[in-house]
Colleague: 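Let me begin by handing over the structure; questions about it come next.
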Amino acid sequence: MTEGFVKAASVSDIAENENKAFKLGDVDVLICNTKEGFFAVQNECTHQLTELEGGRVRGCFIFCPLHGQRFNLKDGTPIGQLTDKPIKTYPVKIDGDDILVCPEPAGAPTGAGPG
Ligand code: FES
């Protein structure tokens with residue numbers, strides 16, 4: 001079922017351990033390619049509200065490029081001293097070469113394997 005999902009990018013757009021931001025309507029979504037599949041999160045660090053795009057992706061974590069706060073891409077949980085506020089996560093599906101994202105925040109851990 002892909003109801004509510006929109007195409008955000010192509011699988012080939014984002015190399016492993018890289019990330020890229022996309023605007024889905026009013027929502028600024030950061031798609032991260034990890035060893036465990038693709039994850040979509042809000043493209044905004046909850047520490048000082050700067051973009052997470054370009055941050056280092058390691059395992060299923062992203063590090064904020066500004067001060068290095070780490071967030072779990074599966075559920076948005078912050079790990080570190082700088083903020084205790086999680087980032088939003090969005091459901092992801094892979095359909096062929098398409099990365100589909102539902103721009104409604106997820107209630108449960110998200111992510112999609114390479115297919
Ligand atoms: S703005 Fe992201 S860690 Fe400070």
Side-chain angles (χ1 to χ4, degrees):
M1 195 170 99
T2 54
E3 200 179 315
F5 283 79
V6 292
K7 181 179 174 183
S10 298
V11 168
S12 50
D13 286 344
I14 311 168
E16 192 170 299
N17 292 329
E18 298 290 333
N19 56 76
K20 213 165 180 179
F22 297 89
K23 205 80 170 153
L24 299 183
D26 294 338
V27 184
D28 202 6
V29 172
L30 185 70
I31 300 179
C32 304
N33 184 359
T34 78
K35 277 191 170 53
E36 296 187 38
F38 288 89
F39 293 91
V41 298
Q42 79 180 59
N43 183 28
E44 187 178 69
C45 180
T46 53
H47 177 224
Q48 286 186 356
L49 310 185
T50 56
E51 291 187 353
L52 284 171
E53 186 177 29
R56 210 157 43 93
V57 172
R58 287 296 174 269
C60 58
F61 298 94
I62 186 163
F63 294 79
C64 174
L66 195 54
H67 306 118
Q69 174 74 39
R70 181 159 55 126
F71 295 93
N72 186 330
L73 293 167
K74 291 183 176 175
D75 60 9
T77 306
I79 297 142
Q81 305 293 318
L82 298 175
T83 178
D84 57 7
K85 198 167 171 222
I87 53 173
K88 290 179 193 149
T89 60
Y90 302 95
V92 177
K93 285 181 195 284
I94 303 300
D95 182 14
D97 189 46
D98 293 344
I99 302 173
L100 309 173
V101 175
C102 180
E104 298 293 323
T110 52

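Everything numeric here is computed off the predicted structure, so don't read it as measured data. Below, each value reflects all heavy atoms present in this structure, side chains not excepted, and no hydrogens, waters or symmetry copies. Counting starts at 1 for both ligands and their atoms, following the listed order.
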Colleague: Give a yes or no on this: more than 12 heavy atoms of other residues, nucleotides or ligands lie within 6.0 Å of atom CD of Gln81.
Modeller: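 12 or below, so no.
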
Colleague: If you compare all heavy atoms of Cys32 against all heavy atoms of Asn19, which two are closest, and at what distance to 0.1 Å?
Modeller: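 Taking Cys32 first and Asn19 second, the nearest heavy atoms are SG-CB, 3.8 Å.
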
Colleague: Closer than 4.0 Å to some heavy atom of Cys64 - which atoms of ligand 1 meet that?
Modeller: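 By the 4.0 Å cutoff, the relevant atoms are 1 (S), 2 (Fe), 3 (S).
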
Colleague: Considering the heavy atoms of Leu82, write down every atom of ligand 1 situated less than 4.0 Å from one of them.
Modeller: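 Heavy-atom distances to Leu82 below 4.0 Å select 3 (S).
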
Colleague: Check whether any side-chain heavy atom of Leu30 lies under 4.5 Å from a side-chain heavy atom of Ile62, and answer yes or no.
Modeller: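 Side chain of Leu30 against side chain of Ile62, heavy atoms only: contact under 4.5 Å found.
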
Colleague: Identify, by atom number and element, the atoms of ligand 1 in contact range of Gln69, meaning under 4.0 Å from any of its heavy atoms.
Modeller: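 The atoms of ligand 1 under 4.0 Å from a heavy atom of Gln69 are 3 (S).
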
Colleague: Which pair of non-hydrogen atoms, one from Gln42 and one from Leu52, has the smallest distance, and what is that distance?
Modeller: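 In this case the closest contact between Gln42 and Leu52 is O-CD1, 3.7 Å.
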
Colleague: Go through ligand 1 atom by atom and flag the ones less than 4.0 Å from a non-hydrogen atom of Cys45.
Modeller: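 The list of qualifying atoms is 1 (S), 2 (Fe), 3 (S).
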
Colleague: Number the atoms of ligand 1 from 1 as they appear, then name those within less than 4.0 Å of a heavy atom of Thr50, with their elements.
Modeller: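 Those of ligand 1 that fall under 4.0 Å from Thr50 are 1 (S).
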
Colleague: Given side chains that start at C-beta, do those of Ile14 and Phe22 come closer than 4.5 Å, heavy atoms only?
Modeller: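 In short, these two side chains touch, coming nearer than 4.5 Å.
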
Colleague: Step through the shown structure and confirm whether more than 12 heavy atoms of other residues, nucleotides or ligands are within 6.0 Å of NZ on Lys7.
Modeller: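 Yes, because the 6.0 Å sphere around NZ of Lys7 holds more than 12 heavy atoms from other groups.
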
Colleague: Verify the distance test for His47 against atom 4 (Fe) of ligand 1: any N/O/S atom under 2.8 Å, yes or no.
Modeller: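 A backbone or side-chain N, O or S atom of His47 is under 2.8 Å from atom 4 (Fe) of ligand 1.
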
Colleague: Going by the atom numbers of ligand 1, which of them fall below 4.0 Å from some non-hydrogen atom of Leu66?
Modeller: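 Listed by number with element: 1 (S).
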
Colleague: Could you pull out, from Gln48, His67, Glu44, the option with a heavy atom nearest to atom 3 (S) of ligand 1?
Modeller: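 It is His67 that holds the nearest heavy atom.
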
